Amino acid sequence: MGALSRRVKPGHPGYWAAVLQRLSGLLLALFLPAHFALLGAGLHSTEGLDEALAWTRSPLVRVAEAGLVTALALHVAGGVRLLLLEFLGWHAIQKSLFSLACGLATATGLLFALNNF
Amino acid sequence: MKSRESKPNGFLEVSIWRGAEEGAFQHFQVPRRESQTVLDVVTYIQRHLDPTLAYRFACRVGVCGSCAMKVNGIARWTCRTHVSAVATTGPLEIAPLDHLPRLRDLVCDMGPFFEKWKQARGAFVPGAVPETGFAAIDPDSPARRQVEAGIECIGCGICYSECDTVAWRPEYLGPAALNRAWTLQNDERDGAHRKRLQAVAGDAGCHACHNQLSCNERCPKKLSPAAAIAGLKRASAVAALKGRL
Amino acid sequence: MNRARLETWLWLINRGSALLLVPLVAAHLAGMILAVRGGLSASEILERTRDNLLLAAFYGAFLLLAGLHGALGLRGFLAETLGWRSKSVDTAAAVLASLLVILGGRALWALYHAA
Ligand code: FES
């Protein structure tokens with residue numbers, strides 16, 4: 001299509017909200033099978049689950065967990081924003097709603113991290 | 001005409017797309033003036049520097065919708081866009097709209113854009129004439145207000161150019177056509193509500209929209225096509241629940 | 001079913017499941033933050049979940065809704081970002097949803113029936 005269409009468009013809050021909604025959703029969809037596999041590890045014995053849980057004690061996994069909690073909170077808060085837009089037509093305050101969603105998600109992630117470390 | 005122009009105040013560095021689908025940016029220097037619009041810049045280049053430059057305009061006052069171009073990456077109505085508002089210091093880059101066939105320089109083929117208005121049944125279809133002979137419509141009724149909110153579209157194609165969903169799904173009808181459909185769905189006198197809803201529901205229509213809101217953000221008339229699209233989503237959901245879609 | 005009706009129903013399912021998931025996720029997150037204080041042991045988890053019908057029902061509903069919602073989201077991603085536009089994308093989404101529900105169901109079973 002030529003050099004023209006490859007230029008990235010400048011974004012704006014509504015655009016970034018949509019991008020984050022999709023990325024967080026994708027991340028959660030990829031994480032769920034792992035989450036279920038881990039919890040299912042206790043199917044035959046408590047030791048099985050304990051072994052699986054031991055793996056989650058590594059610092060790297062803990063940071064990833066906090067990230068996932070943030071992603072989940074963001075996806076839900078951003079999702080509520082979308083429902084308010086689509087069902088109630090609150091387009092006029094969509095940017096404030098986006099800020100609110102980001103704030104709530106950050107707070108949730110921090111709360112989880114503080115409790116977990 | 002000349003005598004009315006303010007004194008030039010330095011030079012603007014301007015890059016303009018030349019060619020069709022394939023092409024390149026060409027560089028020009030244009031005298032910077034006070035209250036200069038982007039359209040003034042393009043016109044200056046065509047009149048003084050290169051008469052072969054192709055571009056469109058008609059009214060110069062934001063009514064006809066023919067002067068839309070991408071200015072530094074964002075689609076804008078160039079006749080109402082002051083250079084000072086988009087390029088205070090840096091250079092100016094002017095390109096044709098996205099998602100439409102490029103014919104020459106800054107001119108796109110708007111055919112596919114308006115073809116989608118037709119597909120969305122964007123034309124008024126007279127319904128049954130009421131017994132009184134005319135439809136009395138309360139200007140404050142919710143439906144009339146919905147019409148009011150969307151009716152000022154000038155068909156410039158800016159929302160269509162800015163929308164990612166159009167890029168992802170080339171058959172997507174786009175914000176302008178759907179906005180038009182929503183104004184007609186709220187017109188009591190129109191007799192094609194059901195057929196139009198069938199035409200605009202689905203993944204080529206309102207359900208493809210992800211609320212990126214670039215249409216709302218960039219619409220020069222400050223309309224809210226995204227709100228119209230949400231209205232269509234709700235209306236088609238209600239119709240589907242009632243088994244009437 | 002025509003395309004317009006199909007997409008309208010899928011949109012309704014996606015938004016409907018989202019609406020129902022909001023309180024469920026909120027409760028899940030609150031539970032996680034309160035329960036995970038410096039890490040959980042398997043016996044701590046299983047003590048709470050074993051033979052707990054209420055919890056099993058809660059997570060059973062959560063699982064079905066999340067499976068639906070996630071599969072529909074992935075379907076959009078596959079169609080738009082990866083350009084998978086043929087009808088087979090619907091089958092792929094259905095398979096993904098089933099896999100999620102089966103895997104999640106297995107986990108639920110393990111937690112409920114823990115020895
Ligand atoms: S020239 Fe008519 S809107 Fe710009």
Side-chain angles (χ1 to χ4, degrees), chain A residues 21-54 56-57 61-62 65-66 68-70 72-73 75-80 82-87 104-105 107-117, chain C residues 11 14-19 21-26 28-30 32-47 49-50 59 62-63 66-67 69-78 80-81 96-97 99-115:
Chain A
Q21 193 70 14
R22 175 149 276 183
L23 287 180
S24 57
L26 207 54
L27 192 68
L28 293 168
L30 295 176
F31 155 78
L32 274 183
H35 189 50
F36 292 154
L38 190 145
L39 289 172
L43 192 54
H44 301 298
S45 66
T46 314
E47 290 74 46
L49 186 55
D50 255 330
E51 263 169 47
L53 283 175
T56 67
R57 304 263 196 276
V61 176
R62 286 192 180 193
E65 271 179 342
L68 279 162
V69 165
T70 311
L72 177 59
H75 197 76
V76 175
V80 171
L82 286 180
L83 292 173
L84 290 172
L85 297 191
E86 287 191 336
F87 287 95
L104 277 174
T108 311
L110 278 176
L111 210 59
F112 179 83
L114 288 175
N115 254 329
N116 203 14
F117 282 98
Chain C
W11 177 83
N14 186 275
R15 300 308 194 263
S17 60
L19 190 62
L21 277 166
V22 172
L24 298 185
V25 176
H28 178 62
L29 279 173
M32 286 307 99
I33 290 170
L34 295 176
V36 185
R37 291 197 184 265
L40 277 174
S41 74
S43 50
E44 276 176 311
I45 295 178
L46 295 176
E47 234 167 70
T49 62
R50 191 179 296 126
Y59 280 111
F62 197 148
L63 176 62
H69 188 81
L72 287 173
L74 281 173
R75 177 176 173 272
F77 174 78
L78 292 174
E80 289 170 356
T81 311
L96 280 170
L99 279 179
L100 267 183
V101 172
I102 291 171
L103 254 177
R106 175 177 168 270
L108 258 181
W109 188 254
L111 294 173
Y112 182 69
H113 269 282

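Chain identifiers are assigned alphabetically (A, B, ...) following the order of the sequence lines, protein sequences preceding nucleic acid strands; residue numbering begins at 1 within each chain. Owing to the predicted nature of the structure, the values given are computational and were not obtained by experimental measurement.
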_Residue part contacting chain C, namely of Glu86(A), when any heavy atom lies under 4.5 Å_ = side chain
*For residues Phe36(A) and Leu63(C), report the shortest heavy-atom separation together with the two atoms involved.*
CZ-CD1, 3.5 Å
*Measure Glu47(C) against the heavy atoms of chain A and call it side chain, backbone, both or neither at under 4.5 Å.*
neither
*Distance-minimising heavy-atom pair for Thr81(C) and Arg22(A)*: OG1-NH1, 3.9 Å
*So which part of Leu99(C) gets closer than 4.5 Å to some heavy atom of chain A, the side chain, the backbone, both or neither?*
neither
*asked:* So, taking the atom named CG in Asn115(A) and the one named CE in Met32(C), what distance separates them when rounded to the nearest 0.5 Å?
replied: 12.0 Å
Using distance only, find each side-chain donor-acceptor pair of residues 25-32 of chain A under 3.5 Å and give its atom names and separation, not counting sequence neighbours.
none

*asked:* With a 4.5 angstrom heavy-atom cut-off, is it the side chain or the backbone of Leu74(C) that approaches chain A, or both, or neither?
replied: side chain
*Of all the heavy-atom pairs spanning Leu39(A) and Ala110(C), show the shortest one and how long it is.*
O-CB, 4.0 Å
*Compare every heavy atom of Leu53(A) with every heavy atom of Ala42(C), then report the nearest pair and how far apart it is.*
N-CD1, 3.5 Å
*Are side-chain heavy atoms of Leu29(C) and Leu111(A) found at a separation under 4.5 Å?*
no
_Please classify the contact between Val25(C) and chain A as side chain, backbone, both or neither, with a heavy-atom cut-off of under 4.5 Å._
side chain
*Pick one of side chain, backbone, both or neither for Ala54(A), based on which atoms fall under 4.5 Å of a heavy atom in chain C.*
neither
